[in-house]
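Any value given below was found using the heavy atoms of this structure, including those in side chains, with hydrogens, waters and symmetry copies removed. Values in this document were obtained by computation on a predicted structure and should not be read as measured data.
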Amino acid sequence: MTAYNWQKSSFSGDTANCLYLAAAPDGAVKLRESDEPDTVLTTTPGRLRALLLGVKAGEFDHLAL
């Protein structure tokens, strides 16, 4: 099993719900949430960038309740 160097998001602050990211040796990006540390999502840097740009541009605002 690979041990990743998890980095906590600076936006998480001191709250209990924290997002962690790690770079995998194959170039993938790993994401996990502090409440479910054994559940890990894997994506590419390009796809994560596209998601973040879409969120910032408001492309998903219609999904918020």
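A distance of 11.5 Å separates CG of Leu21 from CG of Asn5, quoted to the nearest 0.5 Å. Separation of atoms OG (Ser9) and CG (Asn17) is listed at 12.0 Å; rounding is to 0.5 Å. Taking OG1 from Thr44 and CZ from Arg49, the interatomic distance works out to 12.0 Å, rounded to the nearest 0.5 Å.
Sorted by first and then second residue, the pairs that involve residues 33-43 and meet side-chain hydrogen bond (donor to acceptor under 3.5 Å, both in side chains), not counting sequence neighbours, are Lys30-Thr42.
For the side-chain contact (heavy atoms from CB on, under 4.5 Å) test, no residue two or more places apart in sequence or in another chain qualifies with Asp61.
In terms of heavy atoms, Pro37 sits closest to Arg32 at O-CD, 3.6 Å.
As a member of the Ile/Leu/Val/Met/Phe/Trp/Tyr network built from side-chain separations under 4.5 Å, Tyr20 groups with Tyr4, Trp6, Val40.
Leu41 has its side chain out of reach of Val29: every pair of non-hydrogen atoms, C-beta onward, lies at least 4.5 Å apart.
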